[in-house]
Amino acid sequence: MVELKEIAEKLIGGKADEVHSLVKRALDEGQDVSKILNEGLVAGMSVVGDKFKKNEFYVPEVLISARAMKAGMGLIRPILIEKNIKGLGTVLLGTVRGDLHDIGKNLVGMMLEGAGFEVIDLGVDVSSEKFVQVAKEKDANLVGLSALLTTTMLSMKDVVGAVQKEGLKGKVKVIIGGAPVTQDYANEIGADGYAPDAASAADKAKELLKS
Ligand code: B1M
């Protein structure tokens, strides 16, 4: 019988092939898919997030662990969809209009997925209209905005405004981040949350969806 903590350990070590084969074996043994996800993949990714916050892991290690997580998720996702098992919620993620930086945003996406959210990544240079349109279509719980430029972070305010204007305030929470972004700025534009790094973004998303 596969020990689920072994899946977590291999994920932390970035061993994609081993994570894939352990998850496959656990599924073949008939182990519960939610347990494999939560006690194996999510547990491992949460350790990676903690290490990243403490500067014990850097971007390359996180990317390698995220690749291992994806190897396991590839087997798990179709079963979750088939069984209609809901995760923690749906997050729309994107880099705001005019901004092409996506490395940090992609890390945030991996951490959110690792924490158990469904992530819809809209990419870069995303307009406020697009965020709101897809939020409605996909019934998203959270919109995550990334900006790396002092010029483009200003359009985060437009997205918060568009969410309010469409009557989604409260139903869809907005979380923002990126190198020039601060908690003060989040307060100023009325965003629901701010996170300084990818692992904190996953924690903040969980906190916001609890309230
Ligand atoms: Co750009 N760039 N860049 N760039 N670039 C910066 C941001 C800059 C600080 C460099 C500098 O001058 N020192 C500067 C911005 C200055 C400013 O506005 N104050 C800058 C500039 C000026 C530009 C151009 C204008 C340059 C030019 O063309 N003249 C141009 C703009 C293009 C555009 O967007 N329209 C440009 C272009 C580029 C590249 C395309 C070459 C490339 C991007 C490649 C890509 O992303 N695919 C690039 C890069 C790589 C950088 C630097 C070097 C690195 C950014 C990065 O990926 N960091 C950057 C300088 C620097 O930061 N040292 C720079 C690593 C990443 C993991 O960190 O993105 O901060 P970061 O993400 C963190 C947190 O911020 C947070 O979590 C992440 C992980 O912990 N976070 C969130 C991010 N999003 C979040 C969302 C959340 C929560 C947390 O909630 C949803």
Side-chain angles (χ1 to χ4, degrees), residues 14 45-67 69-70 87-128 130-132 134-135 138 140-163 168-169 172-211:
M45 209 57 196
S46 111
V47 173
V48 173
D50 282 347
K51 286 184 177 292
F52 183 58
K53 272 196 232 168
K54 291 185 208 149
N55 291 327
E56 289 171 16
F57 267 20
Y58 294 98
V59 173
E61 284 102 331
V62 176
L63 292 176
I64 292 166
S65 290
R67 192 185 57 181
M69 188 191 73
K70 276 182 191 242
L88 294 182
T90 302
V91 184
L92 277 193
L93 194 60
T95 304
V96 295
R97 183 166 6 216
D99 199 322
L100 304 176
H101 296 86
D102 67 356
I103 299 168
K105 185 258 303 161
N106 294 344
L107 280 177
V108 171
M110 287 163 194
M111 285 298 171
L112 287 167
E113 210 167 46
F117 289 94
E118 185 199 351
V119 177
I120 301 172
D121 190 338
L122 299 179
V124 297
D125 190 18
V126 183
S127 67
S128 52
K130 179 83 179 171
F131 276 115
V132 169
V134 183
K138 300 287 181 186
N141 308 96
L142 199 90
V143 171
L145 309 176
S146 180
L148 262 285
L149 301 174
T150 44
T151 45
T152 57
M153 66 186 264
L154 303 176
S155 65
M156 290 175 151
K157 191 176 175 188
D158 299 339
V159 183
V160 172
V163 165
L168 298 172
K169 179 84 183 153
V172 180
K173 305 266 167 100
V174 180
I175 173 172
I176 65 173
V181 180
T182 60
Q183 179 66 56
D184 282 348
Y185 183 63
N187 297 343
E188 185 188 319
I189 66 169
D192 299 288
Y194 156 77
D197 58 62
S200 310
D203 293 341
K204 186 50 100 178
K206 284 193 248 174
E207 184 192 312
L208 286 175
L209 292 194
K210 255 194 245 148
S211 55

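Counting convention: from 1, in listed order, for ligands and their atoms alike.
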inquiry  = Can you name the atoms of ligand 1, numbered from 1 with element, that are less than 4.0 Å from a heavy atom of Gly178?
reply    = 75 (O), 81 (N), 82 (C), 83 (C), 84 (N), 85 (C)

Option set Gly177, Gly193, Ser200, criterion heavy-atom distance to atom 86 (C) of ligand 1, minimum = Gly177

task = Give a yes or no answer on whether the side chain of Tyr185 reaches the backbone of Ile176 with a donor-acceptor pair at less than 3.5 Å.
result = no

remark   = One finds that the ligand 1 atoms under 4.0 Å from a non-hydrogen atom of Ala179 are 70 (O), 75 (O)

inquiry  = Need the ligand 1 atom indices (1-based, order shown) with element for anything under 4.0 Å from a heavy-atom of Asp102.
reply    = 45 (C), 46 (O), 47 (N)

query = What part of Val108, side chain from CB on, backbone N/CA/C/O, both or neither, has a heavy atom under 4.0 Å from ligand 1?
reply = side chain

His101 N/O to ligand 1 N/O under 3.5 Å = yes

Protein heavy atom under 4.0 Å of atom 37 (C) of ligand 1 = yes

query = Quick check: does Leu149 get an N/O under 3.5 Å from an N/O on ligand 1?
reply = no

query = Is the closest heavy-atom distance from Tyr194 to ligand 1 below 4.0 Å?
reply = no

ask   = Can you find an N/O atom of Leu93 closer than 3.5 Å to an N/O atom of ligand 1?
value = no

Subset of ligand 1 atoms that lie under 4.0 Å from at least one heavy atom of Ile103 = 45 (C), 46 (O), 57 (O)

task = Would you mind finding which of Asn106, Thr151, Thr150, Asp197 brings a heavy atom closest to atom 18 (O) of ligand 1?
result = Thr150

message = As an exercise, identify every atom of ligand 1 less than 4.0 angstrom from a heavy atom of Asp99.
response = 34 (O)

query = Would one find an N or O of Ser146, backbone or side chain, under 3.5 Å from an N or O of ligand 1?
reply = yes

task = Taking Ser127 for its side chain and Lys130 for its backbone only, find out whether a donor-acceptor pair lies under 3.5 Å.
result = yes

key: Heavy atom of Pro196, distance to ligand 1 below 4.0 Å   = yes

query = Gly144 heavy atoms, cut-off 4.0 Å: which ligand 1 atoms fall inside?
reply = 91 (C)

task = Output yes when a protein non-hydrogen atom is found under 4.0 Å of atom 54 (C) of ligand 1, and no otherwise.
result = no

ask   = If only atom types and distance count, is the side chain of Ser65 paired as donor or acceptor with the main-chain N or O of Val62 below 3.5 Å?
value = no

ask   = With no hydrogens and no angle check, is any side-chain donor or acceptor of Asp125 less than 3.5 Å from a backbone partner on Gly98?
value = yes

inquiry  = Between Thr152 and Val96 (side chain of the first, backbone of the second, donor and acceptor by atom type, cut-off under 3.5 Å), is there such a pair?
reply    = no

ask   = Atoms of ligand 1 less than 4.0 Å from Ile176 heavy atoms?
value = 87 (C), 90 (O)

message = Once you restrict to heavy atoms under 4.0 Å, what part of Leu107 touches ligand 1? Side chain, backbone, both or neither.
response = side chain

ask   = Are any of the heavy atoms in Pro180 under 4.0 Å away from ligand 1?
value = no

request  = Scan the protein's non-hydrogen atoms and note whether one is under 4.0 Å from atom 62 (O) of ligand 1.
outcome  = no

ask   = Should Ala147 be counted as touching ligand 1, given the test is an N or O pair under 3.5 Å?
value = no

